[in-house]
Amino acid sequence: MESKVIKIALLGLGNVGTGVYKVLENQKDLLVKKIGSQVEIKKILVRDKNKKRSDIVNSELITDNWQEIIQDEEIQIIVEVMGGIEPAKTYILEALEAGKNVVTANKDLLAEYGKDLLNMASLHNKDLAFEASVAGGIPIVRPLKQCLAANNIYEIMGIINGTTNYILTKMTYENLDFDKALEEAKKLGYAEADPTADIEGYDAARKIAILASLAFQSRVSFKDVYVEGITKISTADIEYARELGYVIKLVGIARNVNDNIETRVHPMFLPKDHPLASVNDSFNAVFVRGDAVGEAMFFGRGAGELPTASAVVGDIIDIGRNIIHHSTGRISCTCYNNLNIHPISEVETSYYLRMKVKDKPGVMASIASVFGNHDVSLASVIQKHRTQGKAEIVIVTDIVKEKYLQDALQIIKGLSIIEEISAVIRVGDKN
Ligand code: NAP
Ligand code: HSE
C-alpha cells in the first residue's frame with residue numbers, strides 16, 4: 001500500500017460543504033489509518049469569495065475560479081456540494097473526463113442526468129459516489145449497490161423528505177394546521193426559503209427515482225415519478241386517519257410489479273403498525289423488501305450539516321481507499337435492465353375518499369352504484385357532520401386499479417347530489 005496525500009477540492013461551502021470541512025478536520029489523523037493516506041482540501045470553489053465564512057475555514061483555499069481546480073493535476077477527488085443542475089453538471093463531467101473522481105450530494109442532478117454522469121465515470125474508470133443524495137446521513141445508496149446486491153428487491157418505501165414529515169407530525173400530534181407547521185419548519189431550518197420542492201413532493205420524487213434505479217437496476221428519472229405533495233392535506237383527513245387506525249405520511253414508493261416499475265410520491269394512509277408510521281419529526285427512513293433479506297429498514301437524519309457530511313465523507317473515504325488500491329471504477333452504473341415504467345393509472349391500491357353530499361335518501365345508493373359499475377368495491381363507509389341538508393361521507397375502498405377509481409370519481413363528481421370531493425388519499429396495506 002503506497003502512502004501519500006490525497007488532494008481534494010470542495011465545490012460549495014454552504015451547509016453541507018461546511019459540514020464536510022468540519023468532519024474532515026475532526027477525522028484528520030484517523031483518516032490516515034482508515035484510508036492509508038492523508039486527505040487534504042486543496043481548493044474550495046464558491047460563488048462569492050467575499051462572503052463571511054465559518055472561522056474554522058482556511059480562507060486561502062477559497063476561489064471562485066473553476067479553472068484553478070480542473071487544471072490542477074494533483075486534485076484527485078472533486079466533492080460537489082453546490083447543488084442545482086448547472087454549472088454542477090458541466091463541472092462533474094469535466095472532472096470525470098479529466099480523470100478525477102467525484103462525490104456529489106446533488107439529487108436534482110442525479111435524478112435527471114444520472115445516466116450521463118455514470119457513463120462518463122465508467123468511460124474513464126473513475127468513481128462517482130452519491131450516498132448523500134438520498135436521505136442525507138442514512139446509508140442507503142451503498143447498501144442497495146453492495147450489501148443487498150444478493151437480492152431481487154421488489155419494493156422500497158421511504159419517508160425521504162424531512163420538511164414534510166415534520167409538518168405532518170405537527171399536524172397529527174399537535175393539531176397544528178398546515179401553514180403554522182410549515183412556518184415552524186422554516187424557522188427550524190428544515191424547509192427551504194422557497195419550500196415548493198419539499199411540500200409539492202419534488203424533492204422526495206428525485207430521491208425515489210435514484211432509489212428505484214439502484215433497487216431495480218433500471219434507469220428511473222424524475223419525470224417517471226408520479227408526484228403529489230401534502231398541500232391539500234387537512235386536519236379533517238388527519239382526524240379520520242386516526243379514527244380508522246392510520247397516520248398520514250408523505251411516502252415515496254418504488255415497486256417492481258412483474259418487471260414493470262411503479263414509482264410514486266404521494267400522501268398515504270399508513271397503518272399505525274407499519275414500520276414507517278412511527279418515523280416522526282424531521283427523521284427519514286427507507287423500508288426495503290428483498291427476496292433474500294426479507295424486510296430491512298434504514299432510519300436516521302435525512303438532512304443537516306453534519307449528518308449529510310457524514311455520508312459525503314464516507315464516500316471520500318471509500319474513494320480514497322480505491323485510489324490507494326488502484327481500484328477506482330470498480331462499481332459503476334448498475335442499471336443493466338431496461339424495465340417499463342407503469343403509469344399511475346395502472347397502480348393498484350385502496351383509497352380513502354372524503355366527500356360532501358346532499359343529505360337525502362338514495363345518496364349512498366347512487367354513489368355505491370357508480371362504484372359498483374366500475375369494479376370499485378367498498379371496504380367501509382362513515383357518515384358524519386350532518387347539517388343544513390348536507391353530510392360528509394368517508395369511504396375506504398378495497399384494492400382497485402387507479403384508472404377504475406378515477407373513472408368512477410369523474411362520474412360521481414357530475415352527480416347533482418355531490419357538493420364536493422374533498423379528499424382522495426391512497427391507503428397502505430394493513431399486512
Ligand atoms: P447551500 O447551503 O445553498 O450551499 C451552496 C454552496 O455552493 C455555497 O457555498 C455557494 O457559494 C456554492 N455555489 C452555488 N452555486 C455556485 C456556483 N455557480 N459556483 C460556485 N459556487 C457555487 O446548499 P447546501 O444545503 O449545502 O446543499 C448542497 C447540496 O447538497 C445540494 O445539492 C443539496 O440538494 C444537497 N443536500 C443538502 C442537504 C442539506 O441538508 N442541506 C442534504 C442532502 C443533500 P456561496 O457560499 O458563495 O453562495
Ligand atoms: N429539504 C430536504 C428535506 C433536505 O426536507 O428532507 C435535503 O434533502
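Start at 1 and go down the list; that is how both ligands and their atoms are numbered.
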Task: Numbered atoms of ligand 1 (with element) below 4.0 Å of P87, judged on heavy atoms - done: 18 (N)
Task: Within-shell test, R53 vs ligand 1, heavy atom, strictly < 4.0 Å - done: yes
Open item on the list: Checking a contact table here: which protein heavy atom is nearest atom 12 (C) of ligand 1, and how many Å away?
Closed with: G12 CA, 3.8 Å
Task: Shortest protein contact, atom 35 (C) of ligand 1 (heavy atom only) - done: A105 O, 3.3 Å
Open item on the list: Suppose we measure from atom 25 (O) of ligand 1 to each protein heavy atom; which comes out shortest, and what is that distance?
Closed with: N15 ND2, 3.4 Å
TODO: Could you verify whether a donor N or O on one side chain and an acceptor N or O on the other, from N280 and K249, lie under 3.5 Å apart?
DONE: yes
Open item on the list: Yes or no, since that's all I need: does a protein heavy atom fall within a distance strictly under 4.0 Å of atom 23 (O) of ligand 1?
Closed with: no
TODO: Please report which non-hydrogen protein atom sits nearest to atom 11 (O) of ligand 1, along with the residue it belongs to and the distance in Å to one decimal place.
DONE: R47 N, 3.2 Å
Task: Short side-chain donor-acceptor distance under 3.5 Å, E86 and Y91 - done: no
Open item on the list: Can you name the atoms of ligand 1, numbered from 1 with element, that are less than 4.0 Å from a heavy atom of N106?
Closed with: 32 (O)
- [ ] Dump the intermediate steps for side-chain contact (heavy atoms from CB on, under 4.5 Å) on V23 and S310, then the final yes or no.
- [x] CA-CA 7 Å; V23 174; S310 160; 6.0 Å; no
Open item on the list: Taking 4.0 Å as the limit for heavy-atom contacts, which would you say applies to T164 with ligand 2: side chain only, backbone only, both, or neither?
Closed with: neither
Task: Distance-only N or O hit between ligand 1 and G14, under 3.5 Å - done: yes
Open item on the list: Starting from atom 32 (O) of ligand 1, what is the nearest protein heavy atom, named by residue and atom, and what distance separates them?
Closed with: G83 CA, 3.1 Å
- [ ] Do me a favour and list the nearest non-hydrogen protein atom to atom 45 (P) of ligand 1 with residue, atom name and distance?
- [x] K51 NZ, 3.4 Å
Task: E419 bridged to K356 by N-O distance under 4.0 Å - done: no
- [ ] Check the side chains of Q27 and K34 for a donor-acceptor pair under 3.5 angstrom, ignoring hydrogens and angles.
- [x] yes
TODO: In plain terms, say whether D116 and K89 are close enough for a salt bridge, that is, a side-chain N and a carboxylate O under 4.0 Å apart.
DONE: no
Open item on the list: Minimum distance, heavy atoms only, to atom 7 (O) of ligand 1: which one of M82, K107, E305 is it?
Closed with: M82
Task: Polar contact flag, side-chain donor to acceptor under 3.5 angstrom, Y226-E262 - done: no
TODO: Just jot down the ligand 2 atoms closer than 4.0 angstrom to any heavy atom of D203, in number order.
DONE: 2 (C), 8 (O)
Open item on the list: Considering both backbone and side-chain atoms of K107, is one of its nitrogen or oxygen atoms within less than 3.5 Å of a nitrogen or oxygen in ligand 2?
Closed with: yes
Open item on the list: For ligand 1, which is the ligand I care about here, please tell me if L13 has any N or O atom under 3.5 Å from one of the ligand's N or O atoms.
Closed with: yes
- [ ] Could you list which atoms of ligand 2 come closer than 4.0 Å to a heavy atom of T163?
- [x] 3 (C), 5 (O)
- [ ] Would you check whether D48 has a nitrogen or oxygen atom less than 3.5 angstrom from a nitrogen or oxygen atom of ligand 1?
- [x] yes
Task: A303: numbered ligand 2 atoms lying under 4.0 Å from its heavy atoms - done: 4 (C)
TODO: Using atom types as modelled and distance alone, determine if a side-chain donor or acceptor of S133 lies under 3.5 Å from a backbone N or O of A105.
DONE: no
Open item on the list: Show me which atoms of ligand 2 lie under 4.0 Å from any heavy atom of D198.
Closed with: 1 (N), 2 (C), 3 (C), 5 (O)
Task: Test salt bridge (charged side-chain N to carboxylate O under 4.0 Å, His left out) applied to R354 and E239, E243, E392, the passing residue - done: E392
Open item on the list: Looking only at distances, can you tell me whether any N or O atom of G162, backbone or side chain, sits closer than 3.5 Å to an N or O atom of ligand 2?
Closed with: yes
Task: Parallel, tilted or perpendicular, as decided by the 30° and 60° cut-offs, for the rings of H274 and F287 - done: perpendicular
TODO: On the 0 to 90° scale, with breaks at 30° and 60°, tag the F283-F299 ring pair as parallel, tilted or perpendicular.
DONE: parallel
Task: Sub-4.0 Å atoms of ligand 2 with respect to non-hydrogen atoms of N161 - done: 2 (C), 3 (C), 5 (O), 6 (O)
Task: Those atoms of ligand 1 less than 4.0 Å from some heavy atom in A303 - done: 40 (O)
- [ ] Would you verify whether the NZ or CZ of R426 falls within 45 degrees of the ring axis of F269 while also being under 6.0 Å from that six-membered ring's centre?
- [x] no
- [ ] State the atoms of ligand 1, each with its element, that fall below the 4.0 Å cut-off from a heavy-atom position in A132.
- [x] 43 (C), 44 (C)
Open item on the list: Does either side chain, that of D398 or that of S377, offer a donor lying less than 3.5 Å from an acceptor on the other one?
Closed with: yes
Task: NZ/NE/NH1/NH2 to OD/OE distance under 4.0 Å, K107 and D203 - done: yes
Task: atom 37 (C) of ligand 1 - nearest protein heavy atom and its distance - done: V16 CG2, 3.5 Å
Task: Nearest non-hydrogen protein atom, atom 28 (C) of ligand 1 - done: V81 O, 3.3 Å
Open item on the list: Regarding E40 and K42, does a basic nitrogen lie under 4.0 Å from an acidic carboxylate oxygen?
Closed with: no
